[in-house]
Engineer: 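Mind having a look at this structure? Questions to follow.
Throughout, protein chains are lettered first and strands after them, A, B, ... in sequence-line order, and every chain is numbered starting at 1.
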Amino acid sequence: MTDPSSRHDHDVPLDSSMESPMPKPGGIADRARARRGDFAYLDGLNPEQRRAVEALEGPVLVLAGAGTGKTRVLTTRIAHILATGRARAHEILAVTFTNKAAREMKERVAALVGPVAEGMPWLGTFHAISTKILRRHAELVGLQSTFTILDTDDQIRLLKQVLQAANIDEKRWPARSLSYQIDAWKNRGLDPAHVPPGEAAAFANGRGADLYAHYQERLKTLNAADFGDLLLESLRLLRDNPDVLRLYQDRFRYMLVDEYQDTNSVQYLWLRLLAQGRHNVCCVGDDDQSIYGWRGADVDNILRFETDFPGATIIRLERNYRSTGHILGTAARLIAHNDGRLGKTLFTDDAPGLKPAVTGVWDSEEEARSIGEEIEQLQRQGEGLDEIAILVRASFQMREFEERFITLGLPYRVIGGPRFYERAEIRDALAYLRCVAQPADDLAFERIFNVPKRGLGDATLQLLYDAARRERIPLMQMAAIMVETEELKPKQRQTLRSLLEDFNRWRSLIEAKPQGELAEMILEESGYTDMWQKDRTAEAAGRLENLKELVRSMEEFPDLGSFLEHISLVMDAENQAGGPRVSIMTLHAAKGLEFETVFLPGWEEGLFPHQRSLDESGRAGLEEERRLAYVGITRAKRRLHLYFATNRRIHGLWQTTIPSRFLDELPAENVEVREAASGTAYGGYAQSRFANMDSYGSSYSTPGWQRAQRHQESKQRGSSGQTGGGQEAFKQKNARRGPLQIEGELVAKSSAGSSFAQGARVFHSKFGPGTVAAIDGNKVTVDFDKAGRKMVLESFLQAG
DNA sequence: CATTCGAGCTTTTTT
DNA sequence: AGCTCGAATG
């Protein structure tokens with residue numbers, strides 16, 4: 001975590017007066033205390049959980065099924081390590097996958113052992129912890145410790161530039177796909193030099209690895225790292241610097257890893273490297289809940305644990321404390337359709353409870369209406385809205401529910417929607433701050449260069465950009481040089497100069513002013529706030545509100561740097577407080593949560609399992625979708641409702657859909673098939689709904705719709721084949737034309753020493769031929785034949 | 001240089 | 001269908 005308060009104190013042992021002498025672990029005193037009840041937190045654990053907490057030495061794998069008390073084991077384990085004095089707070093490494101999980105763990109540890117946990121500087125996400133390590137030793141991997149963390153948006157903009165520079169057709173090879181590719185490589189721990197040749201060839205006629213290398217070069221120039229780099233560079237750091245590695249191996253006496261099934265290769269390598277020190281690593285996970293394969297998560301990591309860590313203790317947690325018997329039975333039968341599981345059998349002593357209901361509806365509108373009514377009914381029964389969740393496969397499904405709930409006046413919250421910092425106005429504001437904090441941040445500068453509009457357009461930017469690249473210096477630095485020459489039109493030059501002066505002034509205030517005030521000042525003086533105030537559109541007011549919120553939240557941080565770090569790594573859509581609300585979120589976002597009542601809409605072929613998953617990953621994709629379904633079902637404590645619609649609008653057009661194959665995989669004895677609760681004013685609906693139910697009912701016994709499904713699959717193949725043919729043709733057409741080359745575009749022209757002498761004849765693309773009158777560094781004064789005497793940059797001149 | 005209009009593309013999931 | 005990006009126009 002990037003807890004600002006812990007930034008400075010983590011190396012320093014806590015005040016020694018607070019430390020009791022270390023008791024000998026497992027010694028007489030230890031056992032006596034246990035007897036006396038000092039370890040009260042151990043009470044109430046079942047035998048397996050207790051084993052998992054107490055098996056502190058050596059590698060441990062805890063296979064924790066859904067709802068078996070995984071988080072409790074982890075937090076109690078930390079408490080136990082602290083309470084027995086085996087390690088102090090800053091000697092424990094605890095990694096989670098999401099910020100939410102990290103936050104929760106911190107809170108729960110604090111509840112167990114008190115404020116000592118506040119000082120757990122090494123509890124956080126993989127990304128946050130690697131960043132922390134990376135910042136301390138940044139120079140060892142070619143960065144400065146103030147490096148910027150680029151988000152996806154920045155990453156794609158940068159890749160666009162790389163593609164442009166390489167003269168690659170962006171229509172044919174979109175920056176987005178390259179970014180996926182590079183991410184995938186990074187997730188696997190591959191730097192440009194180690195990309196398998198076959199894969200490198202797959203992008204842009206074999207230039208994939210090359211582009212990757214260029215991109216990395218640009219990142220270093222910008223003093224920036226993308227998400228993937230945080231891990232990859234941190235791994236490289238540890239790998240290439242044994243002394244640094246030793247430092248952290250020694251420091252982390254105990255390591256804990258949450259959601260181990262979701263770790264990808266870099267994370268795995270990173271962990272393994274660190275764990276080779278003291279071997280006290282405890283991984284908790286559930287192979288049945290591995291749902292991040294698309295992001296490079298490798299289930300094999302968990303399946304391989306015993307091989308990787310010989311002598312590992314393996315503990316299974318199979319007693320479920322969350323769900324009723326019917327719900328558990330439903331989940332168990334579904335997941336049994338997957339191969340390659342480690343195999344766990346969840347059980348509960350709980351009553352069977354209500355049967356999960358499967359409801360067919362006509363379309364997504366009726367689905368929303370029906371769920372809305374169901375919720376209102378629950379509400380009347382006194383069920384809290386906080387205990388109700390709607391979990392969707394894809395975020396576009398959310399909108400329908402939002403609309404419905406707004407008309408109903410039903411309070412809801414969307415979790416994991418568009419993030420606060422992804423909003424345009426926030427990104428703009430951040431870009432200003434980044435320019436101030438980090439003059440080398442070209443991407444930020446480019447973003448606000450002409451925002452608000454100040455008459456600096458593409459032409460000016462292009463000029464600046466070309467020159468900067470030729471000289472290999474940051475844009476802002478180049479701008480500072482260019483305003484002294486006559487390359488730019490007077491108007492632009494003046495505007496740019498005053499912008500740079502503004503930045504210098506703001507920069508000089510970093511130390512003097514609290515960052516909140518500074519930000520306010522910047523937004524004011526740059527005219528950015530004005531821009532939105534003048535804007536009469538509906539969103540403008542909200543944007544100003546957001547900016548205010550940004551400034552306000554900045555004040556909680558000790559300095560600008562830690563704020564910027566927080567925002568790029570941690571800040572998520574803050575859950576607005578205020579009254580209980582129904583939660584709407586994706587299934588992915590729901591992992592780790594639980595609710596009394598869960599609605600799972602959209603169980604239709606193509607949507608769930610998602611077509612893309614099937615197309616891209618075949619059987620493995622299907623299994624991952626099934627695990628996702630399993631995650632969804634096991635979120636429910638008491639009531640579970642599944643829905644499928646016969647018609648759904650996808651990409652704007654209505655499509656008739658088939659119930660998800662997963663529905664057929666549920667055990668008939670645990671599930672109740674229902675008609676939509678929603679009464680509808682349209683007579684036609686009831687009839688269609690009935691027909692719909694009919695076809696669903698039959699699917700339990702006859703594989704009727706599976707034929708239809710095969711049909712659909714073959715259609716899919718047909719269409720994707722066509723696409724492939726089209727691409728092939730395109731490729732050939734392009735190949736005939738041959739790649740265009742821009743001469744010397746990427747070759748660094750030495751900026752040292754001028755290649756022109758006084759009196760030399762030169763040519764400038766804008767001012768024409770002329771004679772060199774004087775030289776000052778890379779600025780050259782030229783008497784142009786037509787344009788008169790001008791001062792220009794050397795790099796704009798050719799020998800004439 | 002800014003605005004407007006049209007084409008094309010997207011829509012899985014996230015640090 | 002809605003949006004983003006790019007080209008054409010003022």
Engineer: Let me have a per-nucleotide readout for nucleotides 2-12 of chain B, 5' to 3', with B, S or -, counting only protein heavy atoms under 4.0 Å.
Structural biologist: SS-------BB
Engineer: Between B:dT15 atom C1' and A:Leu150 atom CG, what is the distance in whole Å?
Structural biologist: 14 Å
Engineer: List in chain and number order the residues that pass side chain to side chain contact (heavy atoms under 4.5 Å, CB included) with A:Ala224, two or more places apart in sequence or in another chain; answer none if no residue qualifies.
Structural biologist: A:Thr148, A:Leu150, A:Leu219, A:Leu222
Engineer: Check the distance between B:dT15's P and A:Asn264's CG and give it to me in whole angstrom.
Structural biologist: 14 Å
Engineer: Does A:Thr152 put a side-chain nitrogen or oxygen below 4.0 Å from OP1 or OP2 of B:dT15?
Structural biologist: no
Engineer: Got a sec, which residues hit side chain to side chain contact (heavy atoms under 4.5 Å, CB included) with A:Ala467, two or more places apart in sequence or on another chain?
Structural biologist: A:Met478, A:Met482, A:Leu793, A:Phe796
Engineer: To the nearest angstrom, how far is A:Asn187 atom CG from B:dT14 atom P?
Structural biologist: 15 Å
Engineer: Choose from C:dG2, B:dC1, B:dT15 the nucleotide whose nearest atom is closest to any side-chain atom of A:Asn99.
Structural biologist: B:dT15
Engineer: Whole angstroms only, please: what is the CZ-P distance between A:Arg157 and C:dC5?
Structural biologist: 10 Å
Engineer: Using atom CD1 of A:Ile291 as one end and atom P of B:dT14 as the other, report the distance to the nearest whole Å.
Structural biologist: 9 Å
Engineer: State whether A:Thr586 places a side-chain N or O below 4.0 Å from either non-bridging phosphate oxygen (OP1 or OP2) of B:dT14.
Structural biologist: yes
Engineer: With nearest nucleotides of DNA chain B determined for A:Phe97 and A:Lys489 from heavy-atom distances, which residue corresponds to the more 5′ nucleotide?
Structural biologist: A:Lys489
Engineer: NA contact type, A:Gln397, heavy-atom cut-off 4.0 Å: base, sugar-phosphate, or nothing?
Structural biologist: nothing
Engineer: Who are the salt bridge (charged side-chain N to carboxylate O under 4.0 Å, His left out) partners of A:Asp226, not counting sequence neighbours?
Structural biologist: A:Lys186
Engineer: A:Phe449 has an atom CZ; how far is it from atom C1' of B:dC1, in whole Å?
Structural biologist: 12 Å
Engineer: Can you tell me how far P of B:dT15 sits from CD1 of A:Ile567, to the nearest Å?
Structural biologist: 14 Å
Engineer: What pairs with A:Arg612 under side chain to side chain contact (heavy atoms under 4.5 Å, CB included), at least two apart in sequence or on another chain?
Structural biologist: A:His610, A:Glu616
Engineer: If I pick the P atom on B:dT11 and the same atom on C:dG6, what distance separates them, to the nearest angstrom?
Structural biologist: 15 Å
Engineer: Side chain to side chain contact (heavy atoms under 4.5 Å, CB included) with A:Pro174: which residues, sequence neighbours excluded?
Structural biologist: A:Ser177
Engineer: Any chance the rings of A:Tyr248 and A:His137 have centres within less than 6.0 Å?
Structural biologist: yes
Engineer: Could you tell me if the ring centre of A:Phe608 sits under 6.0 Å from that of A:Phe662?
Structural biologist: yes
Engineer: Rounding to a whole Å, what distance do you find between A:Ile149:CD1 and B:dT14:C1'?
Structural biologist: 15 Å
